[in-house]
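Down below is the structure, laid out as structure tokens.
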Amino acid sequence: MKNPTDPQHVAIIMDGNGRWARQRGMPRSFGHRAGVESLRRVVRHSANLGISYLTVYAFSTENWKRPRREVSFLIGLLREYFRTTIGELHAMRVRVLVIGDMAPFPADVRELAEKARTQTRLNDGLRLQIALNYGGRADILQAARTLAAQARTGELDPAGIDEACFAGCLHTAGLPDPEVVIRTSGETRLSNFLLWQTAYAELVVAAECWPDFDEASLERVLAEYRQRERRFGSVRRES
Ligand code: FPP
């Protein structure tokens with residue numbers, strides 16, 4: 001049930017799959033596979049709670065630096081996720097899309113992502129953004145390039161570039177900024193996630209690794225968020 005003080009847009013840095021697996025004497029791939037199950041659970045619960053937008057960091061622009069085998073495994077998981085989960089998401093009326101530059105991914109994975117987008121585009125439930133080959137800096141750069149190209153042709157007056165105009169060129173165009181960013185596994189960095197969009201987001205760090213993050217964890221984070229006082233650079237409101 002939706003609480004009026006809950007965030008509209010939740011963003012998650014799903015961290016700690018590798019450590020979770022190692023703690024169990026298992027390969028990192030085991031943790032990534034468990035991470036997909038955790039994602040399924042959290043998407044379902046977010047939809048049940050009435051959250052409007054959920055953005056998850058699944059593969060960053062820096063993740064290509066991982067060993068080739070791990071990158072291939074993650075791409076395989078992504079393929080499997082799209083193939084096996086879109087039906088369930090569609091049935092839950094979830095609208096799915098990818099943010100990031102899909103160009104380096106294999107053609108079939110790009111097609112699956114596009115098929116997921118078109119199949120679910122009219123759904124009116126949770127809107128799920130999966131960040132793939134996404135980086136906050138790359139996002140800002142591509143927006144700057146778009147605006148520079150428009151200015152060069154005279155279509156745009158540089159003096160008219162304001163925050164709304166800039167935000168409209170980011171991968172998240174049309175979405176409200178996330179009010180809360182969750183990072184699991186106790187780490188306290190943003191790691192190049194949604195750099196523009198998180199200017200005033202509340203960062204909540206969950207101690208558990210991503211595969212252990214469940215429905216109760218999400219509710220605990222929302223409870224913590226409700227306790228935060230958001231001032232947006234202003235001062236506390238006197239009652
Ligand atoms: C962080 O754990 C996780 C990732 C870089 C990949 C996130 C991927 C998933 C949750 C599953 C794949 C998702 C889809 C949609 C297929 P880590 O590997 O950085 O863990 P560590 O910090 O303990 O090494």
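It should be emphasised that the depicted structure is a prediction, and the values quoted were computed from it without experimental measurement. In listed order, ligands and their atoms are each counted from 1.
- Salt bridge absent: Asp214 and Arg41 never bring a charged side-chain N and a carboxylate O closer than 4.0 Å.
- Atom numbering of ligand 1 starts at 1 in the shown order; those under 4.0 Å from a heavy atom of Leu77 are 16 (C).
- Taking every heavy atom of His32 and a limit of under 4.0 angstrom, the matching atoms of ligand 1 come to 11 (C), 18 (O).
- Annotation for Phe105 and Leu78: closest pair CE2-CD2, 4.1 Å, computed over non-hydrogen atoms.
- Residue Glu80 does not touch ligand 1, judged by heavy-atom distances below 4.0 Å.
- The nearest heavy-atom contact from the protein to atom 3 (C) of ligand 1 is Met14 O, 3.2 Å.
- Protein heavy atom in closest approach to atom 15 (C) of ligand 1: Leu39 CD2, 3.6 Å.
- The shortest N/O to N/O separation between Arg28 and ligand 1 falls below 3.5 Å.
- Residue-level proximity to ligand 1 for Val56 is absent, since no heavy atom of it falls below 4.0 angstrom.
- Applying the 4.0 Å criterion to heavy atoms of Ala58 picks out, from ligand 1, the atoms 6 (C), 7 (C), 8 (C).
- Comment: Arg33 engages Glu80 in a salt bridge, judged by a side-chain N to carboxylate O separation of less than 4.0 angstrom.
- Looking from atom 22 (O) of ligand 1 to the surrounding protein, the closest heavy atom is Arg19 NH2, 2.8 Å.
- Within the listing of ligand 1, atoms 5 (C) sit less than 4.0 angstrom from a heavy atom of Asn63.
- Shortest non-hydrogen contact noted between Ile86 and Val96 is CD1-CG2, 4.3 Å.
- What sits closest to atom 12 (C) of ligand 1 on the protein, heavy atoms only, is Val36 CG2, 3.7 Å.
- Regarding atom 20 (O) of ligand 1, its nearest protein heavy-atom neighbour is Gly18 N, 3.0 Å.
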Inset, instruction - Let me see the working for Leu147 and Cys169 under side-chain contact (heavy atoms from CB on, under 4.5 Å), right down to the final yes or no. - result: CA-CA 8 Å; Leu147 292 169; Cys169 292; 3.7 Å; yes
Inset, instruction - Go through Glu62 and Lys65 one step at a time and tell me if the salt bridge (charged side-chain N to carboxylate O under 4.0 Å, His left out) criterion holds. - result: CA-CA 6 Å; Glu62 287 71 39; Lys65 293 183 211 154; 5.6 Å; no
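- Note: an N/O pair closer than 3.5 Å links Asp15 and ligand 1 by distance alone.
- In this structure, Arg44 pairs ionically with Glu88, as a charged nitrogen and a carboxylate oxygen lie closer than 4.0 Å.
- Ionic pairing of Glu114 and Arg110 is not present here: no N-O contact between side-chain nitrogen and carboxylate oxygen is shorter than 4.0 angstrom.
- Look at Arg220 and Glu208 and you find a salt bridge, because one of the NZ, NE, NH1 or NH2 atoms lies within 4.0 Å of a carboxylate O, short of that distance.
- The residues Arg19 and Glu187 are annotated as salt-bridged, a charged nitrogen and a carboxylate oxygen being separated by less than 4.0 angstrom.
- Of the protein's non-hydrogen atoms, Asn17 ND2, 3.6 Å is the one closest to atom 9 (C) of ligand 1.
- At a heavy-atom cutoff of 4.0 Å, ligand 1 is contacted by no atom of Trp20, backbone or side chain.
- Remark: ligand 1 atoms within the under-4.0 Å shell around heavy atoms of Trp210 are 10 (C).
- At a heavy-atom cutoff of 4.0 Å, ligand 1 is contacted by the side chain of Arg66 but not by its backbone.
- For ligand 1, the atoms lying closer than 4.0 Å to a non-hydrogen atom of Leu78 are 15 (C), 16 (C).
- An N or O contact shorter than 3.5 Å is missing between Ile130 and ligand 1 by distance.
- Residues meeting the side-chain hydrogen bond (donor to acceptor under 3.5 Å, both in side chains) test with Thr5, sequence neighbours left out: Asn3.
- Membership of the apolar cluster around Met26 extends to Trp20, Phe30, as traced through chained side-chain contacts below 4.5 Å between ILVMFWY residues.
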